Amino acid sequence: MLIINHQPTEVDADWNETSLLEFLRDKLGLVGTKFGCGIGECGACTVHLNGYAVRSCQVKVSSLKGQSITTIEGLGSKENPHVTQQAWRKLNVPQCGYCQAGQIMTAAALIDRADHPISREEAKIAMNGNLCRCGTYTRIADAVVDASRLSRSQT
Amino acid sequence: MMTLVTDMMTLNRREFLKKSGWVAGGITILSGCSYLPALPTLQTGEKEDALGWIQLLKSGELLFFCPRSEMGQGIETGLTAVVAEELWINPTLINCKLPRTNQILPTKSTVGSQSVQDYFEPTALAAATLREKLRELAAHQLGTNVDTLSLTEGGFVDVHGTRIAYSQIVAKLTTNLVLMQYPDPLPEIRSLTQRNFVGKHSAMGQIEEIIHGEPVFVRDVHLQGMRFGAVVKPVFLGARLMSFDRQAAMAVPGVDTVVDGPADLPGIIARTPMALRRALDALDCQWNELTPTLETTIHPDLDIDHMIAEDALRHTELDLQQPGVSGAIKSRLNLRFDTPMLAHAAMEPRSGIAWVQDSQCDVWTASQDPFYVQRATAKLLGLAEDKVIVRNHRIGGAFGGRIVCQATLEAAWLSAAVSKPVKVQWTREDEFAHNYAGPQFSHRIKIELNQQDKIQHWQHQLVSSPIMIPRSLVPKPIHWILDMTKDKGVSRGSVAPYEFQSHIVEYNSDTIGMPTGAWRGLGSAPNAFAVECAMDEAARAANKDPVAFRLNHTDNPRLRKVIEEVRDLSRWTDKTHRGVAATIYKAATYVAVVAETSIISGVPVVNKLWCVQDSGIALSPDRIRAQIEGNLVWAVSMVLTEKFTMDKGIATSNNFDKYPIARQQHIPEIVIKLLDSSEKPTGAGEPAFAPAVAAIANSLTRTTGHPVRQLPLRDRNPVA
């Protein structure tokens, strides 16, 4: 059993040997998490595992018994978006949009765990593992700083 | 004038060919031949077609069928601003949708930064015509004359100040409002002068869906009873399948069937992706022995010095001899530049879904040319074109690489075998290996500089391979036609944007052993790299400031303006190691870029980029800025890291670890200035890329003292 977006979720034995990414997309229909490279190079499939950003294409379902997964669908709702999603919307970050769920999940894990305001330099280092072919990098770095500021003003 | 449109008219084949633009190209007869594949759509959206893009439903919904594909360039945002401006309604009230192929008439492929330039006016006129029709209905409702009504936000107001809102007019509609003809004279285009939404609107389409992870892309679509399919792909270019184990694949649990695919390679249809993978393994395909079909080194046909020695350059792009007195020559330069093959490396590996049932086919794709996908699918399945309905989705990148949607055609073939919806999802390795690459380029530039420090003679010779028509679309026996045809994609940007007394540009585009095709900006970046780096070499030879040297070679006011503006914006001084470059993109968009670079621990670093662009009226400045940001990032990526490699017909660049693209750590500080302009709007999707490549290269040449003549730089240490 797994906890996915706060819901206990049973895993059919059939799906044990697949990646978490495939289980999310093709079994559960949580298609917000994207397939990018399959080798952990691009970060498009980033989800949270117990609050840490991981590459779901590199995690086998069978290795996850009882653990807690959050996907982009569970990060925040349209009514109550996560600060990262708010900043992304404010700065109009996406272009094609394909990599953005992974970018947002990496950024959200960073922001939720940070004990200090994230600087632009820290943001750039933390986001280096997520590729964006459209080149939205400048806005991504700006949005992480903005979301961090927003997060601290709300707590 | 008012007509209820329940269904779009069906076009016969002759009209269809006309609509798709190939009649004008003289291709009609060829298109009748069964061996010729479907061709991309060349037709530009005609004014008459545009009326159907904007429909006011009696429910009050204002539908705008965006006539262009959306791949993040923000065309939905830009054209929605135009519709909003013409009707003076808030853009949030407009439901902008990507149409199915049976909802609008064919429009041209979304390529070449042409969307705003070609579609601004038809969109504006269609929206303005709806506005005038509403004014007529309002006048009728109020029992007054149309001339007494002036436009106000969301409706009209009469001379007494009485307001009639659009909603009041819509409430009286008994049918949907879809107009069939324009008034004479044509209505006024407000977007040229008004700035309520044009120049302000920024909300990008589908942003909520994207940031909340809702289904957006083809891969995200799930249909009831959908199967997962794959067609086996050759393991190397030209590989022949010798044998495979059909029974073993059929025996894998969850496999529906194994069929013979479109190119005599087997295809598998399975219930889950897992079963599909196991069945592909079980097929145990055996191929003919690997023959070295491709060299790893430069192909001789793509070596400019070899081609010059053979006197083999066929095409003349420009042969300009201006009258004037020739002065004594102060120095002669003879420079060579090379750029490698480049992969699209889109974040979304292509995917397609098809559902063939009852002699018709529904298709879900993400294409720059959904009408091409319609024709190609119809041809593949032997169906009439109107029996294929294509739903086009947002495209996850690959600018230039998403005309041919092989995954969609594979899905159609497989679905026809089982009459169930089939989804085909390419792997990352498929995406690199089985798509065409941007071709490599090789250039020679010969310059004669006179005593007055003017370039008196400029000769640019280059070779590359075909871009405009991907080789995969043309049968092998007629590949020579590609070689004999002037390929305007290869020559794009090959003519320097400066004035020389003698200016010659010659080139070849020769078919080589592997497919090449459109990649962002086509030839513009390789050509600007050669042209603008050569300009810097000439400035050095003249001992002139590169900015002043360029200004001394052009009288074009718009080009001068962007160069002067970027000089001022960056506080240019010749003392620093900055680089500059400029371009006139497709005679429409003017851009100049300044770059500042350094070498840190032996590694080239781009520190800062300044860019000034004049692309006419900015429909959505935020989306134009986003496009420029993306172009500058592509430039950093191309200069520093990108190179697509093949070895003996096998793509060795088959994932992001072997085809690195720019990451967050590579991104410089970016300063952008859009020039305020009242000129008609032009494209922004590609123009800034080419001059940025050259500006970075020029800066690195000045930083290191070693001329950058070959990209990318990761292959060599420029200070070694």
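Below, read A as the first sequence line, B as the second, and so on, with proteins coming before strands; counting in each chain starts at 1. Since the model is a prediction, treat every value here as computed from it, not as a measurement.
Contact annotation for B/I395: only backbone heavy atoms (N, CA, C, O) come within less than 4.5 Å of a heavy atom of chain A. For chain B, the nearby parts of A/N92 are the backbone and the side chain; heavy atoms of each come within less than 4.5 Å. Heavy atoms of A/L131 lying under 4.5 Å from chain B belong to its backbone as well as its side chain. For A/S77, the part sitting under 4.5 Å from any heavy atom of chain B is the backbone (N, CA, C, O) and nothing else. The contact between A/Q100 and chain B is made entirely by side chain atoms (from C-beta outward), counting heavy-atom distances below 4.5 Å. Proximity to chain A (any heavy atom under 4.5 Å) is shown, for B/D220, by both the backbone and the side chain. Contact annotation for B/M204: both backbone and side-chain heavy atoms come within less than 4.5 Å of a heavy atom of chain A. Only the side chain of B/I207 comes within less than 4.5 Å of a heavy atom in chain A; its backbone stays farther off. For chain A, the nearby parts of B/H212 are the backbone and the side chain; heavy atoms of each come within less than 4.5 Å. Of the atoms belonging to A/E73, heavy atoms from both backbone and side chain fall under 4.5 Å from chain B. Both the backbone and the side chain of A/K124 come within less than 4.5 Å of a heavy atom in chain B. Contact annotation for B/A203: only backbone heavy atoms (N, CA, C, O) come within less than 4.5 Å of a heavy atom of chain A. Heavy atoms closer than 4.5 Å to chain A are found in the side chain of B/R394, but not in its backbone.
Looking at A/D146 and A/R149, a side-chain N of the basic residue comes within less than 4.0 Å of a carboxylate O on the acidic one, giving a salt bridge.
Contact check for A/Y98 versus B/R219: side-chain heavy atoms found under the 4.5 Å cut-off.
Contact tally against chain B (heavy-atom pairs below 4.5 Å) for A/G97, A/P94, A/G32: the top residue is A/P94. Between chain A and the residues B/M274, B/E669, B/M71, the largest count of heavy-atom pairs under 4.5 Å involves B/M274. For the set B/A345, B/G254, B/G205, B/G74, the count of heavy-atom pairs under 4.5 angstrom toward chain A peaks at B/A345. Contacts with chain A were tallied for B/E214, B/E429, B/H222, B/Q73; B/E214 has the most, counting heavy-atom pairs under 4.5 Å. For the set B/E70, B/E431, B/E209, B/H344, the entry with the most heavy-atom pairs within less than 4.5 Å of chain A is B/H344. Chosen from B/H666, B/Q627, B/Q664, B/R428, the residue pairing most often with chain A at heavy-atom distances under 4.5 Å is B/Q664. Comparing A/M127, A/E22, A/E17 by how many heavy-atom pairs each has under 4.5 Å with chain B, the most go to A/E22.
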**Report entry** CA sep, side-chain torsions, deciding dist, call: B/E642, B/S637, side-chain hydrogen bond (donor to acceptor under 3.5 Å, both in side chains)
**Finding:** CA-CA 6 Å; B/E642 289 188 41; B/S637 197; 2.6 Å; yes
Query raised in the report: Stepwise, does the salt bridge (charged side-chain N to carboxylate O under 4.0 Å, His left out) test hold for A/K27 with A/E10?
Result: CA-CA 11 Å; A/K27 177 64 181 169; A/E10 292 297 333; over 6 Å; no
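In the model, B/N392 has a side-chain atom that pairs as donor or acceptor with a side-chain atom of B/S69 under 3.5 Å. Using a 3.5 Å distance cut-off with no hydrogens or angles, the side chains of B/S113 and B/E686 do pair a donor with an acceptor. Side chains of A/Q67 and A/N50: a donor on one and an acceptor on the other come within 3.5 Å.
Smallest separation of non-hydrogen atoms from A/H116 and A/S148: O-OG, 4.3 Å. Of all the heavy atoms in B/V252 and B/A275, the pair that sits closest is CG1-O, 3.9 Å. In terms of heavy atoms, B/M226 sits closest to B/V221 at CE-O, 3.8 Å.
Using cut-offs of 30° and 60° on the angle between ring planes, the pair B/W519 and B/F689 is tilted. Taking the six-membered ring where tryptophan is involved, the planes of B/F656 and B/F432 are perpendicular, since the angle between them exceeds 60° and thus also 30°.
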